[in-house]
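Input: a single structure, listed below in structure tokens.
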Amino acid sequence: MSDTVMSLNNVHKIYGDFKALNGISLKVKKGQIFGYLGPNGSGKTTTIKLILGLIKPSSGDVRVLEQNPYINNNNVMQMRNLVGAMLEIDGLYEKLTGLQNILFWANLHNMNNQRARKSANEVIGAMNLSKWANVQVEKYSHGMRKRLAFARALVSDPQILILDEPTSGVDPESRYLIREMMKELAQNDKTIFFSSHDLDEVQKTCSNIAILNKGEVISYGALNDILSTFGARKLQVRLISVEDTQIFAKKLQNFGYNIKIDGQVISFYPKKDLNIFEIINPQKIVDTWKSESSLEEAYLNLVADNNR
Ligand SMILES: Nc1ncnc2c1ncn2[C@@H]1O[C@H](COP(=O)(O)OP(=O)(O)OP(=O)(O)O)[C@@H](O)[C@H]1O
């Protein structure tokens, strides 16, 4: 069997006359923590719903563990038992306790009572919710609900976890717990696919990413490859005076560049055809160098380039 556990091949999703996804192709391999990024409305949740079989693609092929998740047959039912999910709307039952919510889910996954109880207590403990296990969910804070929804996704010991913005709006403690749990799962060969707007988090957690913009994948691959390709493009220029820094900054902005100024240093991502010595007197430049790029810089510039 191939080590690809999920794939999308030229997937389109059209709502009325609006193209939410416009030919997405992706592969996610076993053991990867795969970050799915993109501005609001770029199609992340739509992709996640397709992967979970909650909606049907307009065209193209979606596979999870070699199955088409939208079809109902025995193979797909078995596949679903190997997938844990956490959506933005958590679907927790308010009047049930945290433990009851998880046991209910375990029951849907056909776990026997003994295994369900053991596993439920473990995942509740791992998410630091043991003291709240017997409290109704309506009394939980937002961060606690997120941790409980994450625990619920884990209870059946899934091979694949699909998470839609698992850490949005949670406190640093919950964020840390969820992040560390993701890393531990990946070390045990589980695969995690999650959408996020938290680029720092994605940089700390993911092995692979895809960046989506307006329903299209604009960057996709190993995070380190994307950062080093992008970092190689970042240029820093130190000028001899604050005044010269301002003049150079203005010229670059007139050319449409996003720049960052730190004292007398300007950093930006030059296009191939730019010769900086044609727009600033070389004698005004003290030094130029290339430097590392953060995911945030890579993301902002990739999306801006794509929107131009
Ligand atoms: N059922 C629907 N009917 C019509 N349009 C929809 C439907 N669901 C989503 N869309 C549209 O498809 C686009 C993609 O939505 P989606 O929720 O996938 O974006 P997203 O990347 O998850 O956004 P966010 O970061 O804000 O959660 C949006 O423009 C949205 O309005």
Side-chain angles (χ1 to χ4, degrees), residues 6-28 32-64 68-70 83-92 142-143 145-147 149-150 153 160-170 174-175 178-179 182 191-206 208-221 223 226 294-308:
M6 290 193 325
S7 63
L8 287 93
N9 192 9
N10 200 20
V11 171
H12 291 76
K13 180 67 191 174
I14 301 171
Y15 294 111
D17 55 4
F18 177 72
K19 286 184 184 173
L21 292 180
N22 194 13
I24 301 274
S25 295
L26 288 176
K27 276 191 178 140
V28 180
Q32 286 182 341
I33 305 185
F34 195 108
Y36 200 45
L37 316 176
N40 290 135
S42 53
K44 299 180 298 296
T45 301
T46 302
T47 310
I48 284 179
K49 286 182 180 166
L50 287 165
I51 290 170
L52 294 174
L54 301 173
I55 55 174
K56 191 181 176 189
S58 305
S59 64
D61 190 50
V62 181
R63 296 280 143 173
V64 179
N68 176 344
Y70 193 71
V83 177
M86 174 178 174
L87 294 175
E88 257 181 305
I89 297 169
D90 59 34
L92 293 165
H142 176 77
R145 290 184 77 108
K146 283 266 177 188
R147 277 187 272 153
F150 188 71
I160 302 176
L161 269 182
I162 313 286
L163 312 167
D164 201 359
E165 299 191 30
T167 56
S168 75
V170 303
S174 308
R175 192 171 292 245
I178 292 176
R179 189 197 310 146
M182 284 198 215
T191 309
I192 298 159
F193 181 92
F194 76 105
S195 71
S196 179
H197 288 291
D198 186 337
L199 301 175
D200 184 44
E201 172 118 300
V202 169
Q203 189 163 0
K204 281 184 185 142
T205 323
C206 292
N208 294 72
I209 62 164
I211 301 178
L212 199 62
N213 192 38
K214 297 179 190 160
E216 294 182 8
V217 173
I218 58 169
S219 184
Y220 161 54
L223 177 64
I226 290 173
S294 71
L295 178 58
E296 185 175 50
E297 286 172 311
Y299 172 90
L300 290 174
N301 282 281
L302 280 162
V303 172
D305 279 354
N306 189 255
N307 285 339
R308 258 188 214 130

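Everything numeric here is computed off the predicted structure, so don't read it as measured data. Just follow the structure's listing: the first ligand is 1, and inside any ligand the first atom is 1.
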Donor-acceptor pair, side chain of Lys44 and main chain of Leu212, under 3.5 angstrom: no
Atom indices of ligand 1 within 4.0 angstrom of Glu165 heavy atoms, with elements: 25 (O), 27 (O)
Atom 15 (O) of ligand 1 - nearest protein heavy atom and its distance: Thr46 OG1, 3.8 Å
Heavy-atom nearest neighbour in the protein, as seen from atom 14 (C) of ligand 1, with distance rounded to 0.1 Å: Gly41 O, 3.3 Å
Contact check, side chains of Leu161 and Phe150, non-hydrogen atoms, under 4.5 Å: yes
For atom 1 (N) of ligand 1, closest protein heavy-atom neighbour: Tyr15 CE2, 3.5 Å
Where ligand 1 meets Pro39 - atom numbers and elements under 4.0 angstrom, heavy-atom basis: 21 (O)
Lys44 neighbourhood, listing ligand 1 atoms whose heavy-atom distance to it stays under 4.0 Å: 18 (O), 19 (O), 20 (P), 21 (O), 22 (O), 23 (O), 24 (P), 25 (O)
Side chain Lys146, main chain Glu165, donor-acceptor under 3.5 Å: yes
The one among Leu21, Thr45, Asn40 that brings a heavy atom closest to atom 22 (O) of ligand 1: Thr45
Pair Glu201, Ser196: side-chain N/O donor-acceptor within cut-off below 3.5 Å: no
Any side-chain heavy-atom pair of Leu8 and Leu21 under 4.5 Å: no
Sub-4.0 Å protein heavy atom next to atom 30 (C) of ligand 1: no
Residue pair Ser42 / Asn213, side-chain donor-acceptor N/O under 3.5 Å: no
Sidechain-backbone polar pair: Ser7 side chain, Lys27 backbone, donor-acceptor under 3.5 Å: no
Whether Lys13 lies under 4.0 Å from ligand 1, heavy atom: no
Ligand-side contact atoms (ligand 1) for residue partner His197, heavy atom cut-off under 4.0 Å: 25 (O)
Expected output: side-chain Ser294 to main-chain Glu297 donor-acceptor under 3.5 Å: yes
Residue portion contacting ligand 1 (non-hydrogen atoms closer than 4.0 Å) for Ser195: neither
Validation row: Cys206, Phe194 side chains within 4.5 angstrom (heavy atoms): yes
Check: Phe18 N/O within less than 3.5 Å of ligand 1 N/O: no
Enumerated ligand 1 atoms positioned under 4.0 Å from heavy atoms of Ala20: 12 (O)
Non-hydrogen atom of Ser42 closer than 4.0 Å to ligand 1: yes
Sub-4.0 Å heavy-atom contact, Lys49 with ligand 1: no
Side-chain heavy-atom pair Pro69, Val62 within 4.5 angstrom cut-off: yes
